[in-house]
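Accompanying notes for the structure given below.
None of these values were measured; they are calculated from a predicted model. These numbers come from the heavy atoms of this one structure, side chains and all, not from hydrogens, waters or symmetry mates. Chain A is the first sequence line, chain B the second, and so forth, proteins listed ahead of strands; every chain is numbered from 1.
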Number of protein chains: 2
Amino acid sequence: MRQFIVVGHDAPTTAEFSLDDLPGAGRLDLLTRCVTSSLLLSHGIREDVRTHLVLSDAFTVSFDGSAVQRLNPDERSTAALVRNALDQREEAVGRMAVEPSPGVSLTRVGLDGTLDAVADDGPVCLLHEDGTSAAELDPPADPVFVLSDHRDFGEAELSVLDEHADRRVTLGPERLHADQAITVAHNWLDTEGFSDYSQ
Amino acid sequence: MRQFIVVGHDAPTTAEFSLDDLPGAGRLDLLTRCVTSSLLLSHGIREDVRTHLVLSDAFTVSFDGSAVQRLNPDERSTAALVRNALDQREEAVGRMAVEPSPGVSLTRVGLDGTLDAVADDGPVCLLHEDGTSAAELDPPADPVFVLSDHRDFGEAELSVLDEHADRRVTLGPERLHADQAITVAHNWLDTEGFSDYSQ
């Protein structure tokens with residue numbers, strides 16, 4: 001399994017936002033693209049992926065590729081799934097998840113709680129410009145990638161992350177958007193050995 | 001320079017579409033993501049990129065990274081730039097471009113005319129599942145990548161493309177969305193030699 005944790009620093013924590021202005025809703029445009037870039041292929045879904053959006057360190061919305069339904073590639077419809085999840089925020093108590101739609105769950109945990117929840121799943125790789133080049137590494141099995149939104153991680157976050165993360169990895173010399181980094185990370189794992197058997 | 005030509009088979013050719021339903025507007029959600037994934041970095045723009053959206057083989061909207069302004073990462077605002085361009089379609093006569101906003105131009109040409117216009121710019125690489133693995137190739141200088149939207153290229157298109165294209169390249173074993181393929185293609189070019197000088 002591959003997992004992605006995306007930290008949304010300014011993300012909404014209530015359903016009171018407009019689908020007509022996703023950048024204004026704490027950069028929900030970026031966060032929804034992270035969901036679709038991690039879970040969707042052309043005409044297919046990556047069933048072995050789970051993606052967690054950490055919303056302002058207060059709630060986490062998780063998408064499970066093996067169960068999610070009605071996930072379309074566009075930002076607006078994915079944002080509607082997030083809004084539906086937040087609409088049930090009162091029912092989310094601690095780590096007890098609510099599942100407002102198939103494969104979409106909401107928990108009242110922030111980054112620390114989300115990292116705890118995946119602690120036994122596989123190595124945690126922080127995608128960060130100050131990391132080891134992916135070109136020098138073999139892709140890990142069952143990785144949990146952690147990324148930030150448009151804002152850099154703060155000192156306190158990096159301290160929490162360095163406790164959990166097995167390593168920092170950088171995917172190239174350019175600073176990518178989080179959704180672009182997810183696409184490149186997938187390709188890194190997809191193409192392991194690919195050239196050996198392709199034409 | 002890097003260029004991307006994205007063929008939108010069902011894309012609108014008039015400004016009469018709603019920004020609230022981009023998937024219903026001939027998959028303009030996908031086409032706008034192709035624009036932003038090709039031109040935008042995190043907090044930056046790729047000035048050496050031009051991206052051409054071929055709209056239903058009738059019009060082409062081109063974005064020039066060295067001149068474009070007010071390009072935001074979200075689908076909706078990028079779709080508004082496309083709509084503004086189509087709003088001036090009557091003024092686009094043949095290859096005479098209109099430039100409704102800085103760095104965004106509209107021409108009344110389809111795929112063939114767009115390929116003719118870039119013929120001297122660099123090698124044309126068709127991104128296609130039946131191609132040579134990128135892992136086996138050195139990235140070309142000044143490439144013109146051609147991609148299709150959610151629909152496969154038709155026989156007639158492939159015939160036109162094979163006349164112009166220097167080769168077919170495939171980026172991995174998974175079938176990616178066009179915007180994801182653009183991100184991976186950029187990373188292929190970005191990381192050429194990257195591991196040699198990174199940490």
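Formation of a donor-acceptor pair under 3.5 Å by the His43(A) side chain with backbone atoms of His150(B) is found in this model. A donor-acceptor pair under 3.5 Å is formed between the side chain of Glu75(A) and the backbone N or O of Glu75(B).
The choice from Thr32(B), Ile182(B), Asp20(B) that makes the most heavy-atom pairs within less than 4.5 Å of chain A is Asp20(B).
Summarising the geometry, atom CG belonging to Asn187(A) is positioned 6.5 Å from atom CG belonging to Leu176(B); distances are rounded to the nearest 0.5 Å. From Ser42(A), atom OG reaches atom CG of Leu30(B) across 8.5 Å, with rounding to the nearest 0.5 Å. To the nearest 0.5 Å, the span separating CG on Asp190(B) from CG on Leu171(A) amounts to 11.0 Å.
Here the shortest heavy-atom pairing between Pro73(B) and Arg27(A) reads CG-NH2, 3.5 Å.
Using a 4.5 Å cut-off between heavy atoms, Leu40(B) contacts chain A through both its backbone and its side chain. Only the side chain of Pro23(A) comes within less than 4.5 Å of a heavy atom in chain B; its backbone stays farther off. In this structure, no portion of Leu22(B) lies under 4.5 Å from any heavy atom of chain A. Looking at Thr36(B), the atoms closer than 4.5 Å to chain A (heavy atoms on both sides) all sit in the backbone: N, CA, C or O.
Residues Leu115(B) and Val54(B) are members of one and the same hydrophobic cluster, defined by side-chain heavy-atom contacts under 4.5 angstrom among Ile, Leu, Val, Met, Phe, Trp and Tyr. Criterion: ILVMFWY side-chain heavy atoms under 4.5 Å apart, direct or through other members. Under it, Leu147(A) and Phe59(A) are part of a common hydrophobic cluster. Cluster membership for Val144(B) and Val7(B), using ILVMFWY side-chain heavy atoms within less than 4.5 angstrom, is shared. Hydrophobic clustering places Leu126(B) together with Ile5(B) (ILVMFWY residues linked when any side-chain heavy atoms are closer than 4.5 Å, directly or through intermediates). Both Phe4(B) and Val82(B) are members of a single hydrophobic cluster when ILVMFWY side chains are connected at heavy-atom separations under 4.5 Å.
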If you apply the rule side chain to side chain contact (heavy atoms under 4.5 Å, CB included), what do you find for Glu174(A) with Arg46(B), and how did you get there?
CA-CA 10 Å; Glu174(A) 300 291 353; Arg46(B) 292 186 186 264; 4.1 Å; yes

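Between Asp74(A) and the choices Asp29(B), Asp21(B), Leu28(B), the side chain to side chain contact (heavy atoms under 4.5 Å, CB included) rule is met once, by Asp29(B).
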